[in-house]
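Quick notes on the structure that follows.
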Amino acid sequence: MLLIRDIMYCKPGKVRPMVEKFTAMAKLGTKKGMPKMRVMTDVSAERYWTVVSEMEVESMDAFTALMQNPDSAKDFETIMQGYHDLVDHGRREIYNIEA
């Protein structure tokens, strides 16, 4: 089992629009049978205006299949359109869940 975490460092004043995009993705993902996505904002983080989303998947193959599903990809693309205007930079972390 893997934990996939996307960390976005937003521009000042752009956290709420980014949260709305991730929340819409989470709702759409649930409808399409994807794993539950959690969306979090910082209380105290490496830097201000941080938005984190995470989900658990069985394997990298399962994650890749989710991301490359043509039905979902187009919908997710529509939701995330313009997100580059909201973020300064971001990164993805992938962890093995050990216990």
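A quick note: this is a predicted structure, and the numbers were derived from the prediction, not measured. Residue numbers run from 1 in the order of the sequence given.
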Q. Nearest 0.5 Å, what's the OG-NZ distance between Ser53 and Lys21?
A. 13.5 Å

**Q.** Closest non-hydrogen atom pair between Met34 and Leu66, with its separation
**A.** CG-CD2, 3.6 Å

**Q.** side chain to side chain contact (heavy atoms under 4.5 Å, CB included) between Met67 and Asn69, intermediate numbers included
**A.** CA-CA 6 Å; Met67 295 298 109; Asn69 180 331; over 6 Å; no

Q: Working to the nearest 0.5 Å, report the span between OG1 of Thr41 and CZ of Arg16.
A: 6.5 Å

Q.
Is there a path of hydrophobic side-chain contacts, each under 4.5 Å between heavy atoms of I/L/V/M/F/W/Y residues, joining Leu86 to Met25?
A. yes

Q: Tell me whether Val52 is reachable from Phe22 by hopping between hydrophobic residues (I, L, V, M, F, W, Y) whose side-chain heavy atoms are closer than 4.5 Å.
A: no

Q: Treating Ile, Leu, Val, Met, Phe, Trp and Tyr as nodes and any side-chain heavy-atom pair under 4.5 angstrom as an edge, say whether Val19 and Tyr9 lie in one connected cluster.
A: no

(Q) Under a 3.5 Å cutoff, is there a donor and acceptor pairing between the side chains of Tyr83 and Gln81? (A) no

Q: Check whether any side-chain N or O of Asp42 sits under 3.5 Å from a backbone N or O of Thr50 as a donor-acceptor pair, and report yes or no.
A: yes

Q. Would a hydrophobic clustering, with Ile, Leu, Val, Met, Phe, Trp and Tyr connected at side-chain separations under 4.5 Å, put Val39 with Tyr95?
A. no

Q) How long is the span from the CD atom in Glu56 to the CG atom in Leu2, to the nearest 0.5 Å? A) 9.5 Å

Q: State the NZ-CD1 distance between Lys74 and Ile79, to the nearest 0.5 angstrom.
A: 13.0 Å

Q. Applying the 4.5 Å side-chain criterion to the ILVMFWY set and letting contacts propagate, would Met37 and Met8 be lumped into a single cluster?
A. yes

**Q.** Rounded distance [0.5 Å steps], CD1 in Ile7 versus NE2 in His89
**A.** 9.5 Å

Q: Flag the pair Met40 / Glu54 as yes when at least one side-chain heavy-atom distance between them is below 4.5 Å, and no otherwise.
A: yes

Q) Shortest non-hydrogen contact from Pro35 to Val57? A) CG-CG1, 4.0 Å

Q: For atom NZ of Lys32, decide whether the heavy atoms of other residues, nucleotides or ligands shown that lie under 6.0 angstrom number more than 12.
A: yes

Q.
As an exercise, state the distance from CG of Asp6 to CZ of Arg92, rounded to the nearest 0.5 Å.
A. 4.0 Å

Q: Given side chain to side chain contact (heavy atoms under 4.5 Å, CB included), test Met80 with Met18 step by step and report yes or no.
A: CA-CA 9 Å; Met80 293 305 287; Met18 192 70 210; 3.4 Å; yes

